[in-house]
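Just so you know, these numbers come straight off a predicted model, no measurement behind them. Side chains included, hydrogens not; waters and symmetry mates left out as well; all remaining heavy atoms used.
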Amino acid sequence: MASLIVLDGLQKDDYYPLGRRTTVIGRDEALMIQILDDRISRKHLRIRYDKDNNLYYALDMSSKHGVFINGDKIKEETRLVDGDYITIGAITLWFTVSDFPDKESALSHYKKVGERSRPTFIE
């Protein structure tokens, strides 16, 4: 099961297990993952799980400021790989496919040197 870790802002070190479902991220309080930042749309980013291939995909939901993966703005649904950095507004999220029993285990994994995989490159 994949996870997201918030790397900066007021919610730094928050941990969100994604599960095997589609997840929408934004400022809207009704969302499973609410990120509070003025440059994040109410519904900013969708992360879709493809159960047939066991893969995750990111999609900008027509946000004003865009979605960036590893510094590159995405224009269409983009496959996520372990170690990708997703930036929305002024917030960076770290995507990992690793499964963790709790927040402390996830943060410990992120902070270990050399544990990150090669990120996705957008062409």
Side-chain angles (χ1 to χ4, degrees):
M1 174 173 58
S3 307
L4 292 173
I5 297 173
V6 180
L7 299 183
D8 42 33
L10 296 173
Q11 293 166 260
K12 181 179 180 181
D13 293 340
D14 278 3
Y15 159 70
Y16 298 100
L18 293 175
R20 290 175 172 84
R21 64 184 174 273
T22 296
T23 302
V24 176
I25 301 166
R27 283 186 298 116
D28 192 317
E29 63 187 39
L31 298 176
M32 291 183 66
I33 300 179
Q34 180 189 33
I35 305 289
L36 301 175
D37 179 282
D38 291 341
R39 288 176 275 179
I40 293 178
S41 300
R42 285 176 289 182
K43 292 183 179 176
H44 197 106
L45 165 68
R46 182 184 80 190
I47 297 181
R48 179 179 66 86
Y49 175 68
D50 176 356
K51 66 180 178 180
D52 295 331
N53 297 302
N54 195 33
L55 298 172
Y56 290 85
Y57 293 87
L59 178 69
D60 183 348
M61 297 184 72
S62 301
S63 67
K64 182 176 180 180
H65 298 288
V67 173
F68 297 81
I69 298 178
N70 305 316
D72 295 317
K73 187 173 186 175
I74 64 171
K75 296 178 177 144
E76 58 190 23
E77 189 173 62
T78 302
R79 182 177 161 214
L80 294 169
V81 299
D82 194 40
D84 277 346
Y85 291 92
I86 304 167
T87 304
I88 56 174
I91 304 300
T92 302
L93 309 167
W94 183 64
F95 174 82
T96 180
V97 295
S98 299
D99 191 14
F100 304 103
D102 54 39
K103 175 182 174 176
E104 290 73 28
S105 298
L107 293 174
S108 176
H109 176 78
Y110 172 72
K111 292 174 183 178
K112 284 184 183 177
V113 177
E115 293 251 335
R116 295 182 211 143
S117 298
R118 189 177 81 233
T120 300
F121 291 100
I122 310 294
E123 295 180 32

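For the atom pair Ile74 CD1 and Asp72 CG, the distance stands at 10.5 Å (nearest 0.5 Å). Put simply, CG on Leu45 and CG on Asp60 are 7.5 Å apart, with the number rounded to the nearest 0.5 Å. One finds the CG atom of Asp50 at 10.0 Å from the CZ atom of Arg79 (value rounded to the nearest 0.5 Å). Atom CZ of Phe95 sits about 7.0 Å away from atom CG of Leu4, to the nearest 0.5 Å. In this structure, Thr96 OG1 and Tyr56 OH are separated by 10.5 Å, a value rounded to the nearest 0.5 Å.
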- Message: For Leu7 and Lys12: C-alpha separation, side-chain torsions, deciding distance, then whether side chain to side chain contact (heavy atoms under 4.5 Å, CB included) applies.
- Response: CA-CA 5 Å; Leu7 299 183; Lys12 181 179 180 181; 5.9 Å; no
- Item | Working for side chain to side chain contact (heavy atoms under 4.5 Å, CB included), residues Thr92 and Ile86 | CA-CA 6 Å; Thr92 302; Ile86 304 167; over 6 Å; no
- Take Asp8 and Ile91 through the side chain to side chain contact (heavy atoms under 4.5 Å, CB included) test and state the conclusion after the steps. CA-CA 6 Å; Asp8 42 33; Ile91 304 300; 3.8 Å; yes
- Message: Walk me through whether Asn54 and Tyr49 qualify under side chain to side chain contact (heavy atoms under 4.5 Å, CB included).
- Response: CA-CA 7 Å; Asn54 195 33; Tyr49 175 68; 2.6 Å; yes
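When atom types are taken as modelled, the side chain of Thr87 and the backbone of Tyr85 share no donor-acceptor pair closer than 3.5 angstrom.
Using a 4.5 Å heavy-atom threshold, the side chains of Glu76 and Tyr57 count as separate. Looking at Trp94 and Asp84, their side chains never come closer than 4.5 Å, going by heavy atoms from C-beta outward.
In this structure, Met32 places its CE atom where only 12 or fewer heavy-atom neighbours from other residues, nucleotides or ligands lie under 6.0 Å away.
One hydrophobic cluster holds both Val6 and Ile40 under the rule that ILVMFWY side chains link at heavy-atom gaps under 4.5 Å. No path of Ile, Leu, Val, Met, Phe, Trp and Tyr side chains, each step under 4.5 Å between heavy atoms, connects Leu31 with Leu59, placing them in separate hydrophobic clusters. In the hydrophobic cluster analysis, where Ile, Leu, Val, Met, Phe, Trp and Tyr join through side-chain heavy atoms closer than 4.5 angstrom, Phe68 is grouped apart from Val24.
Within the structure, every pair that satisfies the side chain to side chain donor-acceptor pair (under 3.5 Å) test and touches residues 20-45, not counting sequence neighbours, is listed here: His44-Ser63.
The side-chain contact (heavy atoms from CB on, under 4.5 Å) test with Ile47 is passed by exactly one of Leu18, Leu93, Ile33: Leu18.
Under the 3.5 Å distance criterion, with hydrogens and angles disregarded, no donor-acceptor pair is assigned to the side chains of Tyr15 and Asp13.
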